[in-house]
Every structure is written in structure tokens, then in C-alpha cells.
Amino acid sequence: MSSVSEEKQLRYDLAYLRMATEWAKLSHCSRKQVGALLVKDGVIISDGYNGTPSGFPNCCENEQGETHWYVLHAEANAILKVAKSTNNALGSTLYITLSPCKDCCKLILQAGIKRMVYVDAYKDRTAIDFLQNAGVEVVQRNPIYQ
């Protein structure tokens with residue numbers, strides 16, 4: 001990222017977060033819609049939103065409004081999608097509308113993602129602290145107010 005000016009990086013960060021916000025709208029989840037993009041060398045290499053695995057009904061919650069245990073988070077979907085391709089996430093940036101949970105932060109680290117830019121913080125900030133302590137650059141930005 002050192003070759004990109006701070007102003008230019010901010011413009012790109014905000015644009016990718018706006019795109020992730022649009023991608024989140026594809027989710028069928030009622031409680032929370034989350035979108036994610038993986039960007040490497042200036043190219044979007046993967047995308048994802050929270051939802052059920054392929055082949056399952058697009059209903060994320062039960063009758064009580066609780067999320068089904070098998071629903072995949074947006075960042076997990078983006079990481080799994082790139083894993084099925086000929087590309088990889090090594091050195092990439094994850095743009096996500098909601099910071100990750102503890103389980104997903106392990107996937108982010110293992111995938112080799114070096115930077116994460118998010119809009120809203122998840123209720124438990126353990127994952128943010130974990131990623132920062134592991135050397136991942138973590139940035140919070142709001143594309144609406146910047």
C-alpha cells in the first residue's frame with residue numbers, strides 16, 4: 001500500500017466499501033445483511049454475502065428469528081469462493097460491511113489477508129484485536145460520512 005497515496009487509498013477504500021454494501025443487499029438474511037469483497041493488486045478477486053450454503057433454501061432464520069447454525073458469513077463465503085478459483089487471498093485486502101466474528105478472523109488470518117477495512121464493528125471486538133495483534137492492518141471507515 002505504500003505506493004498509493006493516502007488520499008487515493010481512502011477513495012478506493014470508500015468505493016470498495018460502497019460496493020460491499022450493495023453486495024450485502026443480495027443476502028436473504030432478515031436480521032443482518034453483510035457483504036464482502038477481496039481485492040488484490042487493484043483487482044476484485046472474490047465477493048461474498050452472508051447466506052446459506054449452495055443447495056439450501058435461502059432462508060437464514062428460523063420461525064423464532066434465530067440464525068440457522070449453517071449460515072455462512074460474508075467473509076467466509078468470499079474466502080471459500082477464492083479458494084475454489086485459481087487465485088488466492090495472499091496479501092489481499094478484505095472489504096466488509098461488518099467486522100468479523102472470532103471464527104471468521106481465523107479464516108482471514110489463515111488465508112493470508114493482510115488488510116481489512118470494515119464499516120460497522122461486530123458486538124464482540126475480540127476478532128479485531130486478534131487480527132491487529134497478528135499483524136493484519138485493520139481500518140474502520142464509513143463510506144456514507146467520508
Side-chain angles (χ1 to χ4, degrees), residues 1 4 9-146:
M1 294 297 153
V4 178
Q9 186 62 62
L10 175 62
R11 280 197 344 259
Y12 278 100
D13 285 353
L14 297 177
Y16 286 129
L17 286 174
R18 285 190 298 271
M19 293 169 72
T21 300
E22 285 301 311
W23 210 246
K25 295 174 184 176
L26 296 173
S27 171
H28 291 272
C29 292
S30 300
R31 288 184 48 220
K32 177 78 64 179
Q33 294 179 312
V34 182
L37 293 177
L38 273 172
V39 177
K40 183 175 179 178
D41 300 325
V43 176
I44 298 171
I45 60 168
S46 190
D47 53 54
Y49 52 87
N50 56 324
T52 57
S54 298
F56 279 67
N58 283 329
C59 182
C60 298
E61 294 89 8
N62 63 20
E63 295 78 27
Q64 291 77 38
E66 300 162 330
T67 301
H68 293 297
W69 68 268
Y70 51 83
V71 169
L72 291 160
H73 292 178
E75 61 273 37
N77 266 328
I79 292 167
L80 292 169
K81 189 174 183 179
V82 78
K84 287 172 35 176
S85 75
T86 58
N87 211 333
N88 64 67
L90 192 62
S92 65
T93 298
L94 171 67
Y95 292 93
I96 189 158
T97 59
L98 181 67
S99 67
C101 69
K102 289 187 265 190
D103 287 328
C104 288
C105 77
K106 295 179 280 186
L107 296 175
I108 292 166
L109 185 63
Q110 284 298 98
I113 295 167
K114 292 298 178 200
R115 187 166 183 264
M116 180 184 76
V117 184
Y118 68 97
V119 179
D120 295 316
Y122 183 64
K123 60 187 172 189
D124 180 357
R125 295 184 54 92
T126 304
I128 292 172
D129 296 337
F130 173 82
L131 291 171
Q132 287 175 323
N133 289 335
V136 175
E137 180 186 352
V138 177
V139 180
Q140 183 176 20
R141 298 202 192 281
N142 191 325
I144 297 170
Y145 299 111
Q146 288 184 317

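What you are looking at is a predicted structure, and each value in this text was computed from that prediction instead of being measured.
A side-chain donor-acceptor contact under 3.5 Å links S99 to the backbone of Y122. In this structure, the side chain of S46 engages the main chain of A78 through a donor-acceptor pair within 3.5 Å. The backbone N or O of K32 lies less than 3.5 Å from a partner atom in the side chain of N50, making a donor-acceptor pair. Remark: the backbone N or O of C104 is not paired with any side-chain donor or acceptor of E75 at under 3.5 angstrom. Side-chain atoms of T97 never come within 3.5 Å of backbone atoms of V119 as a donor-acceptor pair (strictly under, hydrogens ignored). Using modelled atom types, no side-chain atom of K40 and backbone atom of A89 make a donor-acceptor pair closer than 3.5 Å.
Counted within 6.0 Å of CG on D41, heavy atoms from surrounding residues, nucleotides or ligands total 12 or fewer; the atom is thus considered open.
The line from CG of L14 to CD of Q9 is 10.0 Å long, rounded to the nearest 0.5 Å. One finds the OG1 atom of T126 at 11.0 Å from the CG atom of L131 (value rounded to the nearest 0.5 Å). Going from atom CD1 of I45 over to atom OG of S85 covers 7.0 Å, rounded to the nearest 0.5 Å. Remark: I44 CD1 to W23 CH2 distance equals 9.0 Å, nearest 0.5 Å. Separation of atoms CG (L98) and OG1 (T21) is listed at 11.0 Å; rounding is to 0.5 Å. L37 contributes atom CG, which lies 8.5 Å from atom OH of Y16 (distance to the nearest 0.5 angstrom).
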* Give the C-alpha distance, both sets of side-chain angles, the deciding distance and a yes or no for side chain to side chain contact (heavy atoms under 4.5 Å, CB included) between C29 and V71. => CA-CA 9 Å; C29 292; V71 169; 4.2 Å; yes
* Could you give me the CA-CA distance, side-chain angles and deciding distance for C59 and H28, then say whether side chain to side chain contact (heavy atoms under 4.5 Å, CB included) is met? => CA-CA 6 Å; C59 182; H28 291 272; over 6 Å; no
* Take N87 and L38 through the test side chain to side chain contact (heavy atoms under 4.5 Å, CB included) and record every step on the way to the result. => CA-CA 11 Å; N87 211 333; L38 273 172; over 6 Å; no
* Yes or no on side chain to side chain contact (heavy atoms under 4.5 Å, CB included) for L109 and F130, after CA distance, side-chain angles and deciding distance? -> CA-CA 9 Å; L109 185 63; F130 173 82; 3.7 Å; yes
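At least one side-chain heavy atom of N58 sits under 4.5 Å from a side-chain heavy atom of T52. Residues D124 and K102 form a side-chain contact, since some pair of their non-hydrogen atoms from C-beta on lies under 4.5 Å apart. Counting heavy atoms from C-beta outward, V39 and Y12 have side chains that stay 4.5 Å or more apart.
Across I113 and R115, no two heavy atoms sit closer than the pair CG2-O, 3.3 Å. Closest approach of Y49 to N77, counting heavy atoms only: O-ND2, 2.7 Å. Counting all heavy atoms, side chain and backbone alike, M116 lies closest to P100 at SD-CD, 3.4 Å. The minimum heavy-atom distance between G35 and A24, with the atom names listed, is N-CB, 3.3 Å. Taking every heavy atom of both residues into account, L80 and L72 meet most closely at CD1-CD2, 4.3 Å. A pairwise comparison of heavy atoms in G51 and C60 identifies CA-SG, 3.9 Å as the closest pair.
Residues Y95 and D13 bring a donor and an acceptor atom of their side chains to less than 3.5 Å of each other.
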